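Bear in mind that the values here come from a model prediction, so they are computed numbers and not experimental data.
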Number of protein chains: 2
Amino acid sequence: MTGRTAAVQARADSVRNRRLLLRAATEAFAECGVDVSMHTIAQRAGVAKGTVFRHFPTKDDLLAAIMMQLLDRLREAADRFLRADDAGGALKDFMAHGIGLLAADRAFCDVIGRPSLQHADVREAIDRLCDTVEDLTGRAREQGAVRGDITGTDIVLLLGGIHQTAQPLLDREPRAWERFLEIAFDGLRARDRATLPHPPPARLRMADPSGASAPTGK
Amino acid sequence: MTGRTAAVQARADSVRNRRLLLRAATEAFAECGVDVSMHTIAQRAGVAKGTVFRHFPTKDDLLAAIMMQLLDRLREAADRFLRADDAGGALKDFMAHGIGLLAADRAFCDVIGRPSLQHADVREAIDRLCDTVEDLTGRAREQGAVRGDITGTDIVLLLGGIHQTAQPLLDREPRAWERFLEIAFDGLRARDRATLPHPPPARLRMADPSGASAPTGK
DNA sequence: CGAGAAGGTGACCGGGGGGTCATGTTGTGC
DNA sequence: GCACAACATGACCCCCCGGTCACCTTCTCG
């Protein structure tokens, strides 16, 4: 889908720089969040600023590339957990895995929490993630491990929420989120209670960035 | 503590502008988050930029003033709920109230989620809030409405977390957070399960902004 | 009402951000 | 080994932000 036709052969130093750039950007975004400057990323990759813009026309494009790579890794993880026998345990393990990823990546949290940062490609990746997680959740529902009205979208949203809950504690106890995962997962278990309000959509069609909400200044 | 001795009489237009400023800043921060410019706030208050800096020496001071006002309102709400008979219901109602406040204030969310934005005064206000909420939670514990190892700090953290969970859904369903409050509160209920890991501290002594963590760009 | 101080103003400053482009450099196919 | 296209570079542009300050306006008190 990235349109690399065989006709055009990329130069060796170009692909090397691209790799360095992706590595540096991944690290820089993870450590500093979406507000790292392109200059910093270039420095960390050992290239000039212009080179960054040659490979990624805008900062959003670079961010989107990094985020998609992360989201797809998460989706692959969900795919793997799909093969476990104990669907409830697998779902919980997947959540722990996802929250761990979030805890290690500030930019990931920024993007999850601010729809206006979401490139169209990123939204598609999130949708794909929701689909896979819905499969995982469906198996847990069938096995009675979670209540019947829990959806895959719920789980994906909880990933960000649980991490955010524990965030202020993370520098003293990096695994503080485990406490809130316990609490949340207990809340997910099947019970005799009334149906939950406001079922979420299957796909997270977030507000388009051009919308009236989410003003950012001026 | 603000040192307004009777000797110095503030001028009438000064107090008027200060009030306009606080109102405008409250609204602007709520709508746009902590990244609104001082220029925008000045405009919305109908004064010049210099006037803002006359009343609040730095942007952080202004933000802190707004946040403390909000945190104290929340603490007062907790105080009121303390008088209810059904401690469990009161705790849940308080949480709903707090999440509603968060949902209506982007800057509040920003500050909660980013300790580096927290002025010393704000941290103290958060600590005061934790204390009052601990009282509220203690009563719920005694009445068996929540499990024995839930603390006030847990509840305060969950406020931000639950809101964050529902955030992507808010522009289609403003009350989407109710769903996740149900889930979380179910998870809080007393149960026969093992003790929760990583009990949080009574006071949220967050990492000081000068710490090694939370780099923002270099 | 008049003097003087407190307050208001907006041009201005230094810093830093994203993004561009003319110029210099290097890998590559013939 | 040559010529050329692709690539790398960093000075540069424009914009916006937080914060300052010399100058002007307006309130207050006697």
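Within a 6.0 Å radius of NE2 in B:H39, no more than 12 heavy atoms belonging to other residues, nucleotides or ligands are found. Atom CZ of B:R128 has more than 12 heavy atoms from other residues, nucleotides or ligands within 6.0 Å. Atom CZ of A:R175 has 12 or fewer neighbouring heavy atoms from other residues, nucleotides or ligands inside a 6.0 Å radius.
No donor-acceptor contact under 3.5 angstrom links the side chains of A:S14 and A:N17, judged on distance only. A donor-acceptor contact under 3.5 angstrom links the side chains of B:R18 and B:H55, judged on distance only.
Using a 4.5 Å heavy-atom threshold, the side chains of B:D110 and B:F29 count as separate. Considering only heavy atoms from C-beta on, B:L188 comes within 4.5 Å of B:L158 through its side chain.
Across all strands, A:S14 comes closer than 4.0 Å only to sugar-phosphate atoms, never to a base (heavy-atom distances).
One interatomic measurement links the two molecules: CE of B:M38 to P of C:dT9, which rounds to 15 Å at whole-angstrom precision. Regarding A:R16, its CZ atom lies at a distance of 10 Å from the C1' atom of D:dA8, rounded to whole Å. A straight line from CG of B:L117 to C1' of D:dG18 spans 15 Å, rounded to a whole angstrom. The distance between atom CG of B:D35 and atom C1' of D:dC17, rounded to the nearest whole Å, is 11 Å. Distance A:L20 CG to D:dC7 P: 16 Å, rounded to the nearest Å. Regarding B:I41, its CD1 atom lies at a distance of 12 Å from the C1' atom of D:dC17, rounded to whole Å. Here the C1' atom of nucleotide D:dA6 and the CZ atom of A:R18 are 14 Å apart, to the nearest Å.
Across the interface with DNA chain D, nearest-nucleotide mapping of B:G50 and A:V47 shows A:V47 to be the residue nearer the 5′ end. Each of B:H39 and A:V52 lies near DNA chain D, and the nucleotide nearest A:V52 is the one positioned closer to the 5' end.
The salt bridge (charged side-chain N to carboxylate O under 4.0 Å, His left out) test applied to B:E173 returns no partner, not counting sequence neighbours. Not a single salt bridge (charged side-chain N to carboxylate O under 4.0 Å, His left out) links A:D121 to another residue, sequence neighbours left out.
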Using a 3.5 Å cut-off and no angle test, enumerate the donor-acceptor pairs between side-chain atoms of residues 66-83 of chain B and protein atoms at least two apart in sequence or in another chain.
unit_1: B:Q69; atom_1: NE2; unit_2: B:T26; atom_2: OG1; d: 3.3
unit_1: B:R75; atom_1: NH1; unit_2: B:T132; atom_2: OG1; d: 3.3

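In DNA chain D, runs of at least 3 stacked Watson-Crick or G-U pairs (N1-N3 plus N6-O4 or O6-N4, or N1-O2 plus O6-N3, all under 3.5 Å) give these stems: C:1-30 with D:1-30.
Contact annotation: A:S37 side-chain N/O to C:dG16 OP1/OP2 distance is not under 4.0 Å. Listed pair A:N17 / D:dC7 fails the phosphate criterion, with no side-chain N or O lying under 4.0 Å from OP1 or OP2.
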Tabulated below should be each protein N or O lying under 3.5 Å from an N or O of nucleotides 27-30 of chain D; please produce it.
unit_1: D:dT28; atom_1: OP1; unit_2: B:A12; atom_2: N; d: 2.9

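To the nearest 0.5 Å, atom CD1 of residue B:I99 and atom CG of residue B:L181 are 4.5 Å apart.
Interface residues of residues 53-60 of chain B facing DNA chain D, ordered by number: B:F53, B:T58, B:K59; criterion, heavy-atom separation under 4.0 Å.
Residue B:R179 comes nearest to A:P197 through the heavy atom pair NH1-O, 3.0 Å, listed as atom of the first residue, atom of the second, then distance.
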